[in-house]
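Notes for the one structure printed next.
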Amino acid sequence: MRATRPFNIPNYLAAHAELAARLDPRTFQGGIELIQSKFAAGKKIITCGNGGSASTASHYITDWNKMVNLATGKKFRGISLCDNIGAITAYGNDLSYDEIFAGQLRAILDEGDLLIAISGSGNSPNVLRAVEYANANGAETLAVVGYDGGKLKPIARCSVWVPSFDMQMCEDVHLMFGHMVMKTLCGGSIVVG
């Protein structure tokens, strides 16, 4: 059984500090460098996820499309597969919910593009199917995962892993990764204080 403590703000912040000490900065840097290389090559960078991870997928693309272009003047070719409700419901209704991301990839993915798959548990069938499709069709894949990485971590070519079984803490750090990418691509600094 995993250790727990009652929720309060000091405990939440302390748990984040403890989690930060367990993170592997090299995997975060590797994920950032992969995204940098795809941006420099003019490739599409595509995100997907469910629930809170869908919101994170959209947040990544919102930040990166806007801020990278403003900072560099270059096009950031970002697409979130979570943002077209028409496509999601068409694939979900006409095929299956497991096909909502892979189906969209069949229409837009080119060899050398990057799929970033975000999942707290790493076990969402529709995300797994999207990564399998991307891997089989010459794309790079980056998993942004929590828990033990689930089935997603071993099938993605690269991963950023948050080793926690607390979904909210995983989602917090997943969002932080997106901000790290943005600051890197934009040449940003960290405001302290």
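In this text, all values refer to a predicted model and were calculated from it rather than measured experimentally.
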### Query
Once you round to the nearest 0.5 Å, how far does OG1 of Thr27 lie from CD1 of Ile32?
9.5 Å
### Task
Is it possible for you to say whether Ile116 and Leu23 belong to one hydrophobic cluster, with membership spreading through side-chain heavy-atom contacts below 4.5 Å?
yes
### Task
Let me know which of Thr47, Asn65, Val181, Ile35 forms a side chain to side chain contact (heavy atoms under 4.5 Å, CB included) with Tyr60.
Thr47
### Summary
All heavy atoms of Leu34 vs all of Cys158, minimum pair found to be CD2-CB, 4.0 Å
### Task
Could you tell me how the ring of Tyr12 sits relative to the ring of His16: parallel (under 30°), tilted (30 to 60°) or perpendicular (over 60°)?
perpendicular
### Summary
Nearest heavy-atom approach of Ser121 to Ser124 is OG-N, 4.3 Å
#### Entry: Over 12 non-hydrogen atoms of neighbours within 6.0 angstrom of CZ in Arg26
no
### Interatomic spacing from CG in Asp113 to CD1 in Ile79 - rounded to 0.5 Å
8.0 Å
### Co-membership, hydrophobic cluster, residues Met176 and Val160, 4.5 Å side-chain
yes
### Message
For the backbone of Ile100 and the side chain of Asn126, can you confirm whether one donor and one acceptor N or O come within less than 3.5 Å of each other?
### Response
no
### Query
Quick check: does any side chain N or O of Asn93 sit under 3.5 Å from a backbone N or O of Thr89, one acting as donor and the other as acceptor?
no
#### Entry: Heavy-atom check, side chain of Met182 versus side chain of Lys66, under 4.5 Å
no
## Note on the structure
Rounded to the nearest 0.5 Å, the OG atom of Ser119 sits from the CE atom of Met167 at a distance of 6.5 Å
### Task
Check whether any side-chain heavy atom of Phe76 lies under 4.5 Å from a side-chain heavy atom of Asn69, and answer yes or no.
no
### Task
Please say whether more than 12 non-hydrogen atoms of neighbouring residues, nucleotides or ligands are located less than 6.0 Å from CD1 in Ile190.
no
### Task
List the atom of Pro163, the atom of Arg22, and the distance in Å for their closest heavy-atom pair.
O-NH2, 3.1 Å
### Message
Under a 3.5 Å distance rule, please check whether Lys38 uses its side chain to pair with a backbone N or O of Gly112 as donor and acceptor.
### Response
yes
#### Entry: Shortest non-hydrogen separation from Ser53 to Glu171 and the atoms involved
N-OE2, 4.2 Å
### Of Thr62, Asp63, Thr56, the residue whose pairing with His59 passes side chain to side chain donor-acceptor pair (under 3.5 Å)
Asp63
### Task
Answer yes or no: does atom CG of Leu13 have more than 12 heavy-atom neighbours from other residues, nucleotides or ligands under 6.0 Å?
yes
### Message
Nearest 0.5 angstrom please: Tyr91 OH to Arg106 CZ, how far?
### Response
7.5 Å
### Query
Is it the case that one hydrophobic cluster holds both Ile61 and Leu115, taking links as side-chain heavy atoms less than 4.5 Å apart, direct or via other members?
no
#### Entry: Heavy-atom side-chain proximity of Phe39 to Thr184 below 4.5 angstrom
no
### Message
Looking at Phe165, is its backbone amide N or carbonyl O close enough to the side chain of Arg2 to form a donor-acceptor pair, meaning the two atoms are under 3.5 Å apart?
### Response
no
### Query
Any side-chain heavy-atom pair from Leu185 and Thr72 closer than 4.5 angstrom?
no
### Query
Does the side chain of Met169 come within less than 4.5 Å of Val162's, by heavy atoms?
no
### Task
Evaluate the side-chain proximity of Cys48 to Ile118: yes if any heavy-atom separation is below 4.5 Å, no if none is.
no
### Task
Write down the atom of Ala130, the atom of Leu105, and the distance for their closest heavy-atom approach.
O-CD1, 3.5 Å
### Query
Heavy-atom distance under 4.5 Å between the side chains of Cys82 and Phe101, does that happen here?
yes
### Query
Is it true that Tyr133 and Leu95 fall in one hydrophobic cluster, defined by side-chain heavy atoms closer than 4.5 Å?
yes
Would you list the atom pairs, donor with acceptor, under 3.5 Å between side chains in residues 141-155 and any protein atom, with sequence neighbours excluded?
| residue | atom | partner | partner atom | Å |
| --- | --- | --- | --- | --- |
| Thr141 | OG1 | Asn135 | OD1 | 2.8 |
| Thr141 | OG1 | Arg157 | N | 3.0 |
| Asp148 | OD1 | Gly150 | N | 2.9 |

### Task
Look up atom CD1 in Ile46 and atom CZ in Arg77, then write down how far apart they are to the nearest 0.5 Å.
9.0 Å
### Task
Provide the closest heavy-atom pair for Met67 versus Cys186 in the form atom of the first, atom of the second, distance.
O-SG, 3.4 Å
### Summary
In this structure, NE2 of His179 is separated from CH2 of Trp64 (nearest 0.5 Å) by 10.0 Å
### Task
State plainly whether one hydrophobic cluster holds both Phe177 and Leu114, where clusters connect Ile, Leu, Val, Met, Phe, Trp and Tyr through side-chain heavy atoms under 4.5 angstrom apart.
yes
